[in-house]
Amino acid sequence: MDKAKEVTVIGAGPAGIAAAIYLKRAGHDPLLLDKKGPGGLIVNANLIENYPGFPGGIDGPSLRNRFVEQMQSLGVSVTRAHVKRISRVHKIFRVETDNGDYDSLVIIVATGTRPKRIRMKGAKALEGKKVFYDLEGVLANNIVDGRIIVVGGGDIAFDYAINLRERGWKVKIVSRSTPRCLPLLWKRAEEKGIDVLVGYSPVEVLDKDDSLVLLCNSHGESKEVEGDRLLIACGRVPNLEVLDSRLRRNLWRRGLPETGVPGLYLVGDVARKRYRQAGIAVGDGILAAMMADSYLKKGGRR
């Protein structure tokens with residue numbers, strides 16, 4: 001085991017990258033870990049319109065590329081590793097990964113969120129084949145001009161739907177109640193020819209040769225919605241499983257991004273629940289990095 005790192009950042013989305021950039025400029029050499037590489041959930045964003053500096057908005061992959069360019073210009077890189085567990089013994093954090101273990105004085109957790117699974121008969125058997133919980137899985141199928149049903153009524157569901165429509169998919173959105181998305185997203189979806197079916201509660205998905213049928217309950221009546229693929233976007237949950245149980249019990253005892261564990265910070269989507277915005281994540285990452293810098297300069301005191 002090498003000497004303990006000063007700071008290890010888990011997750012290279014906007015929050016993790018912002019933290020690493022600040023720490024590098026403050027004279028540290030942060031270890032930035034991510035199992036997929038830089039970007040996080042932002043790479044799935046069709047259009048980000050509220051991140052300052054980009055009049056007219058910027059698509060997620062382009063913003064990710066700018067983050068990476070700035071990060072690399074300062075000598076910060078991402079180490080590919082799947083973090084399996086983080087624990088703390090005698091004021092030192094142990095990070096266990098599939099690419100070796102690391103010790104660290106400070107941990108900044110920027111692990112983001114994962115899709116919330118829903119109960120729907122038939123969905124589990126088709127997951128990864130015709131039923132997906134993220135845009136990445138749909139696009140990996142290399143289908144052009146297919147029919148897709150997007151289940152969900154939030155911003156992510158509508159953003160995914162618009163993204164897929166612009167890629168040539170014929171899209172229907174199924175929402176069990178009035179969509180909670182921004183009104184402008186709903187308007188854009190309809191302008192692009194996306195059918196928005198409101199009051200449709202998904203009950204079961206049936207496999208049908210190369211396609212599928214989504215059975216829904218709509219005000220007591222059974223409805224069928226046909227498509228080739230199904231994308232479920234019904235909320236997200238924080239990725240906190242990498243923290244051992246003792247650390248998780250003490251997360252919420254101070255104002256975020258600080259936690260009840262000295263030297264452990266929680267930033268971005270993993271901490272902010274439904275307030276998932278690139279600007280919030282970047283601010284969180286910088287704030288945690290400043291706190292971490294101060295913590296290290298005080299010899300491990302807050």
*Asks:* Is there a donor-acceptor pair under 3.5 Å between the side chain of T113 and the backbone N or O of D269?
*Replies:*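 Not confirmed, T113 side chain does not pair with D269 backbone.
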*Asks:* So does E221 get a backbone contact from the side chain of S218, meaning a donor-acceptor N/O pair under 3.5 Å?
*Replies:*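 Not a single qualifying donor-acceptor pair exists.
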*Asks:* Looking at R274, K116, K273, R276, which one forms a side chain to side chain contact (heavy atoms under 4.5 Å, CB included) with R236?
*Replies:*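 Result for side chain to side chain contact (heavy atoms under 4.5 Å, CB included) with R236: R276.
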*Asks:* Hey, mind stepping through I107 and L247 against side-chain contact (heavy atoms from CB on, under 4.5 Å) and telling me if it holds?
*Replies:* CA-CA 11 Å; I107 295 288; L247 295 178; over 6 Å; no
*Asks:* Look at the side-chain heavy atoms of Ile, Leu, Val, Met, Phe, Trp and Tyr, link any pair under 4.5 Å apart, and say whether V9 and L74 land in one connected group.
*Replies:*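 Linked, V9 and L74 end up in one cluster.
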*Asks:* For Y133 and I118, run side-chain contact (heavy atoms from CB on, under 4.5 Å): C-alpha distance rounded to whole Å, both residues' side-chain angles, the deciding distance at 0.1 Å, then the answer.
*Replies:* CA-CA 10 Å; Y133 281 89; I118 64 172; 4.1 Å; yes
*Asks:* Without hydrogens or angle criteria, can the side chains of N163 and R167 be said to hold a donor-acceptor pair below 3.5 Å?
*Replies:*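 Yes, because at least one side-chain N or O of N163 sits under 3.5 Å from a partner of the opposite role on R167.
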*Asks:* Start with the C-alpha gap between D103 and K5, add the side-chain angles, then the distance that decides, and say whether salt bridge (Lys or Arg N to Asp or Glu O under 4.0 Å) holds.
*Replies:* CA-CA 6 Å; D103 284 345; K5 307 287 183 185; over 6 Å; no
*Asks:* Could you give the distance from CG (L105) to CZ (R88), rounded to the nearest 0.5 Å?
*Replies:*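 L105 CG to R88 CZ: 10.0 Å, rounded to 0.5 Å.
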*Asks:* Once rounded to the nearest 0.5 Å, what's the spacing between atom CG of L230 and atom CG of L126?
*Replies:*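 If I round to the nearest 0.5 Å, the distance is 9.0 Å.
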*Asks:* Using atom types as modelled and distance alone, determine if a side-chain donor or acceptor of D159 lies under 3.5 Å from a backbone N or O of N46.
*Replies:*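 It does hold such a pair.
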*Asks:* Looking at A20 and P30, what are the two nearest heavy atoms and their distance?
*Replies:*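 For A20 and P30, the tightest heavy-atom pair comes out as O-CG, 3.7 Å.
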*Asks:* Out of curiosity, N217 CG to S222 OG, how far, rounded to the nearest 0.5 Å?
*Replies:*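 Spacing of CG (N217) from OG (S222) equals 7.5 Å.
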*Asks:* Examine R188 relative to F158 and say whether NZ or CZ is less than 6.0 Å from the centre of the six-membered ring and inside a 45° cone about the ring axis.
*Replies:*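 The answer is no; the distance or angle limit is not met.
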*Asks:* Please give me the minimum heavy-atom distance between C216 and P202, naming the atom from each residue.
*Replies:*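 That would be SG-CA, 4.0 Å.
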*Asks:* Does I10 share a hydrophobic cluster with L243, counting links as ILVMFWY side-chain heavy atoms below 4.5 Å and allowing steps through other members?
*Replies:*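 Both belong to a single hydrophobic cluster.
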*Asks:* First locate atom CG of D209, then atom CG of D228, and finally report the distance between them rounded to the nearest 0.5 Å.
*Replies:*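 One finds 11.5 Å between CG of D209 and CG of D228.
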*Asks:* Between D284 and A15, is there a donor-acceptor pair closer than 3.5 Å when you use the side chain of the first and the backbone of the second?
*Replies:*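 No, because the side chain of D284 does not come within donor-acceptor range (under 3.5 Å) of the backbone of A15.
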*Asks:* Do other residues, nucleotides or ligands put more than 12 heavy atoms under 6.0 Å from K35 NZ?
*Replies:*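 At most 12 heavy atoms, drawn from other residues, nucleotides or ligands, come within 6.0 Å of this atom.
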*Asks:* At their closest point, which heavy atom of A110 faces which heavy atom of V267, and how far apart are they?
*Replies:*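 Answer, listing the atom of A110 first, then V267: CB-CG2, 3.6 Å.
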*Asks:* Using a strict threshold of under 4.0 Å (side-chain N to carboxylate O), is an ion pair present between K36 and E136?
*Replies:*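 A salt bridge links E136 with K36.
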*Asks:* Heavy atoms only: give me the nearest S87-D244 pair and the separation to one decimal.
*Replies:*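 It is CB-OD2, 3.2 Å.
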*Asks:* Between N250 and V261, is there a donor-acceptor pair closer than 3.5 Å when you use the side chain of the first and the backbone of the second?
*Replies:*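 Checking the backbone N and O of V261 against the side chain of N250, no donor-acceptor pair under 3.5 Å is found.
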*Asks:* Without swapping roles, check the side chain of R165 against the backbone of K170 for a donor-acceptor pair under 3.5 Å.
*Replies:*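 Not a single qualifying donor-acceptor pair exists.
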*Asks:* If I take atom CZ from residue F67 and atom CD1 from residue I42, how far apart are they, to the nearest 0.5 angstrom?
*Replies:*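 Answer for the CZ-CD1 pair, F67 versus I42, is 5.0 Å.
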*Asks:* Any carboxylate oxygen within less than 4.0 angstrom of a Lys/Arg side-chain nitrogen, looking at R94 and E96?
*Replies:*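 Here R94 does not pair with E96 in a salt bridge, since their nearest N and O are not under 4.0 Å apart.
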*Asks:* Considering residues, nucleotides and ligands other than D98, do more than 12 of their heavy atoms fall under 6.0 Å from its CG?
*Replies:*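 Counting neighbours around CG of D98, more than 12 heavy atoms of other residues, nucleotides or ligands fall under 6.0 Å, so yes.
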*Asks:* Show your working on side-chain contact (heavy atoms from CB on, under 4.5 Å) between N65 and E69 and close with a plain yes or no.
*Replies:* CA-CA 6 Å; N65 292 342; E69 184 180 349; over 6 Å; no
*Asks:* Would you kindly confirm whether V138 and I232 end up in one hydrophobic cluster when ILVMFWY residues are joined by side chain heavy atoms under 4.5 Å apart?
*Replies:*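 Cluster IDs for V138 and I232 differ.
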*Asks:* Of the non-hydrogen atoms in V83 and V242, which two are nearest, and what is the gap between them?
*Replies:*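 In terms of heavy atoms, the two residues are closest at O-CG1, 3.4 Å.
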*Asks:* Between K129 and R229, which heavy-atom pair has the shortest distance, and what is it?
*Replies:*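 Smallest interatomic distance, heavy atoms only, reads O-NE, 3.4 Å.
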*Asks:* Should L23 and Y102 be regarded as members of a common hydrophobic cluster, given that ILVMFWY residues are connected when their side-chain heavy atoms come within less than 4.5 Å of each other, either directly or indirectly?
*Replies:*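 Different hydrophobic clusters.
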*Asks:* Under 6.0 Å from the CE atom of M290, do we count more than 12 heavy atoms belonging to anything else shown?
*Replies:*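 Not buried by this count: 12 neighbours or fewer within 6.0 Å.
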*Asks:* For a side-chain contact (heavy atoms from CB on, under 4.5 Å) check, start with the C-alpha distance between V171 and Y160, then their side-chain angles and the critical distance, and finish with the verdict.
*Replies:* CA-CA 10 Å; V171 185; Y160 284 174; over 6 Å; no
*Asks:* To the closest 0.5 Å, what do you measure between CD1 (I108) and OG1 (T8)?
*Replies:*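 Separation between the atoms: 9.5 Å.
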*Asks:* Got a salt bridge between R80 and D34, using NZ or NE/NH1/NH2 to carboxylate O under 4.0 Å?
*Replies:*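 No salt bridge links R80 with D34.
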*Asks:* Going by side chain to side chain contact (heavy atoms under 4.5 Å, CB included), V78 matches just one of V68, L33, L32. Which one?
*Replies:*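 It is L32, the one option of V68, L33, L32 that forms the side chain to side chain contact (heavy atoms under 4.5 Å, CB included) with V78.
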*Asks:* Identify whether W169 and L135 are in the same connected component of the hydrophobic contact network (ILVMFWY, side-chain heavy atoms under 4.5 Å).
*Replies:*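 Yes, same cluster.
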*Asks:* Assess whether atom CZ of R117 is packed by more than 12 heavy atoms of other residues, nucleotides or ligands within 6.0 Å.
*Replies:*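 Buried by this count: over 12 neighbours within 6.0 Å.
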*Asks:* Does R176 CZ have over 12 foreign heavy atoms under 6.0 Å away?
*Replies:*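 Atom CZ in R176 is not crowded, with 12 or fewer foreign heavy atoms closer than 6.0 Å.
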*Asks:* Kindly say whether V203 contributes a backbone atom to a donor-acceptor pair with the side chain of K121 at under 3.5 angstrom?
*Replies:*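 No.
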